[in-house]
Novice: 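This structure is in structure tokens; I'll ask about it shortly.
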Amino acid sequence: MRDDLRKNFASDNVTPACPAVMQAIADANNGNVPSYGHDDLSLTLNQRFGEVFEAEVTVFPVTTGTAANSLALSAMVPPYGSVLCDQSAHINNEEGGAPEFFTQGAKLVGIPSPEGRMDPASLPPTLQQNRSKGVLTPPFTALSLTQATEWGTTYACETIAELSEIAHEHGLTVHMDGARLGNAIAHLECSPADTTWKAGVDVLSFGGTKAGAMAAEAIVFFLNDRTRPMVEAMTRRIKRGGHLWSKQRFMTAQLLALLENDLWLENCRHANAMCQRLRHGLYRHPAVNLPFATESNEIFAVLPEAQVEQLRSEGYQFYTYPTPQGVPGRLVRFVTSFYTRPEDADALLESLIS
Ligand SMILES: Cc1ncc(COP(=O)(O)O)c(C=O)c1O
Ligand SMILES: C[C@H](O)[C@H](N)C(=O)O
């Protein structure tokens with residue numbers, strides 16, 4: 001195996017699909033079946049997700065996290081509305097305007113927060129100010145939070161519940177970008193229900209791709225008085241958006257394989273463990289600064305410039321980010337996955353320390 005295949009820590013998006021997912025796709029590749037989600041596999045999605053989340057749900061599989069987020073928000077927010085999110089939110093910075101496009105013009109408002117986790121105390125004044133401006137400003141109609149966050153941290157279930165309660169009191173519905181939900185659950189050692197609907201989340205973007213799928217995400221509506229009216233038109237929104245797969249069995253097969261025996265959580269526990277292995281080594285390095293808690297499969301570190309260049313020269317791949325003013329060095333992100341072996345993490349650390 002080419003050495004550099006094991007040196008790519010850029011993202012959990014660079015990994016292969018896990019073997020069980022590929023096997024599930026092969027197993028689904030059998031004969032003719034009804035299309036557009038009417039196949040036997042796809043007709044089990046609501047039940048299977050309902051079992052995993054211990055709730056009554058309606059599920060819509062899509063192939064990208066951006067589609068899941070943007071189509072979910074299009075059902076939650078009118079074109080004249082706005083979405084309250086963290087300033088670092090993926091929907092706010094890295095989805096190419098898809099949320100604004102699919103909502104047909106809603107505004108995204110990112111607020112500052114420590115470590116990518118919105119502080120409940122910051123919500124009431126923000127919501128009050130929005131309301132005080134009347135027709136001059138788009139009304140907040142949804143709160144969107146990312147679990148695990150873009151900085152590799154997680155929200156405690158109690159914090160999500162606090163945020164959701166404030167949002168609901170002000171007439172907002174709550175969306176969760178769960179592209180790395182499995183990693184958050186693995187860290188928090190909670191149930192999928194605890195960190196979602198039991199904490200007030202109305203609509204979830206369930207992330208399968210980073211947990212080992214080839215390309216499988218799902219919009220999960222936790223059915224309640226707020227969400228039931230949203231579900232009716234969802235298939236039409238997805239079709240209009242070009243995200244309704246004709247051969248949906250192949251996307252559904254991926255999701256069901258991940259849910260089988262909690263494979264998604266097993267994959268995420270391994271990814272988190274590999275990230276902690278990196279953290280233990282980086283923590284001991286005298287010239288490395290770790291600005292955030294490491295609570296998922298992403299670790300952010302400030303490295304000396306020379307070491308960044310040295311890692312690059314050895315074939316390592318990772319993203320770099322603007323480093324806070326006056327902080328010597330470069331902010332980098334290493335991401336681990338189900339595919340990361342202990343020796344891969346150790347090799348990176350040895351290169352750093354050598
Ligand atoms: C937190 C988060 N949300 C959403 C997405 C969007 O996923 P996709 O790249 O599949 O559109 C990503 C991307 O990897 C992500 O990191
Ligand atoms: C950063 C990029 O958009 C992708 N969400 C990732 O986490 O790699």
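Each ligand, and each atom within it, is numbered from 1 in the order the structure gives. We count residues from 1, following the sequence as given.
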Novice: Pick one of side chain, backbone, both or neither for how Glu298 approaches ligand 2, counting any non-hydrogen atom pair under 4.0 Å.
Specialist: neither
Novice: So, Lys210 and Glu217, do they make that salt bridge, N to O below 4.0 Å?
Specialist: no
Novice: For residues Val59 and Phe222: do they belong to one hydrophobic cluster (side chain heavy atoms under 4.5 Å, members Ile, Leu, Val, Met, Phe, Trp, Tyr)?
Specialist: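 In one cluster: yes.
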Novice: Atom 6 (C) of ligand 2: which protein heavy atom is closest, and how many Å away?
Specialist: Arg333 NH2, 3.4 Å
Novice: Considering only the protein, which heavy-atom contact is closest to atom 2 (C) of ligand 2, and what is its distance?
Specialist: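 It is His90 NE2, 4.1 Å.
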Novice: Side chain, backbone, both or neither: which applies to Glu150 and ligand 2 if a contact is any heavy-atom pair less than 4.0 Å apart?
Specialist: neither
Novice: Of the protein's non-hydrogen atoms, which lies at the shortest distance from atom 4 (C) of ligand 2, and what is that distance?
Specialist: Asn13 ND2, 3.6 Å
Novice: Considering only heavy atoms, which protein residues lie less than 4.0 Å from any atom of ligand 1?
Specialist: Asn13, Thr64, Gly65, Thr66, Asn69, His90, Glu95, Thr146, Glu150, Asp177, Ala179, Arg180, Lys210
Novice: Test side chain to side chain donor-acceptor pair (under 3.5 Å) on Ser205 and Asn69 and set out the steps.
Specialist: CA-CA 6 Å; Ser205 297; Asn69 288 335; 2.7 Å; yes
Novice: Would you mind checking if Glu150 and Arg333 are paired as a salt bridge, meaning a charged N to carboxylate O distance below 4.0 Å?
Specialist: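 Salt bridge absent between Arg333 and Glu150.
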Novice: Looking only at protein heavy atoms, identify the closest one to atom 1 (C) of ligand 2 and say how far it is in Å.
Specialist: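 Heavy-atom neighbour on the protein nearest atom 1 (C) of ligand 2: Glu94 OE1, 3.6 Å.
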Novice: Could you check whether Phe334 and Phe300 have their ring centres less than 6.0 Å apart?
Specialist: no
Novice: Looking only at the aromatic ring of each residue, does the gap between the centers of Trp264 and Phe206 stay below 6.0 angstrom?
Specialist: yes
Novice: Just jot down the ligand 2 atoms closer than 4.0 angstrom to any heavy atom of Tyr319, in number order.
Specialist: 1 (C), 8 (O)
Novice: Is the gap between the ring centers of Phe53 and Trp197 under 6.0 Å?
Specialist: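 Phe53 vs Trp197: aromatic centres not under 6.0 Å.
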Novice: Counting from 1, what ligand 2 atoms have a heavy atom of Ser11 closer than 4.0 Å?
Specialist: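 Within the 4.0 Å cut-off of Ser11, ligand 2 contributes 6 (C), 8 (O).
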Novice: Is Arg48 paired with Glu51 through a side-chain N to carboxylate O contact shorter than 4.0 Å?
Specialist: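 So Glu51 pairs with Arg48 through a salt bridge.
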Novice: Please report the closest heavy-atom contact between Asn267 and Gly212, naming both atoms and the distance.
Specialist: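 For Asn267 versus Gly212, the nearest heavy atoms are ND2-CA, 4.2 Å.
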Novice: Students should be able to answer this: which protein heavy-atom is nearest to atom 7 (O) of ligand 2, and at what distance?
Specialist: Arg180 NH2, 2.8 Å
Novice: Can you find an N/O atom of Tyr321 closer than 3.5 Å to an N/O atom of ligand 2?
Specialist: no
Novice: Any salt bridge between Asp86 and Arg117, counting N to O under 4.0 Å?
Specialist: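 No, Asp86 and Arg117 are not salt-bridged.
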Novice: What part of Glu95, side chain, backbone, both or neither, has a heavy atom within less than 4.0 angstrom of ligand 2?
Specialist: neither
Novice: Would you compute the distance between atom NE2 of His168 and atom CG of Leu163 and round it to the nearest 0.5 angstrom?
Specialist: 11.0 Å
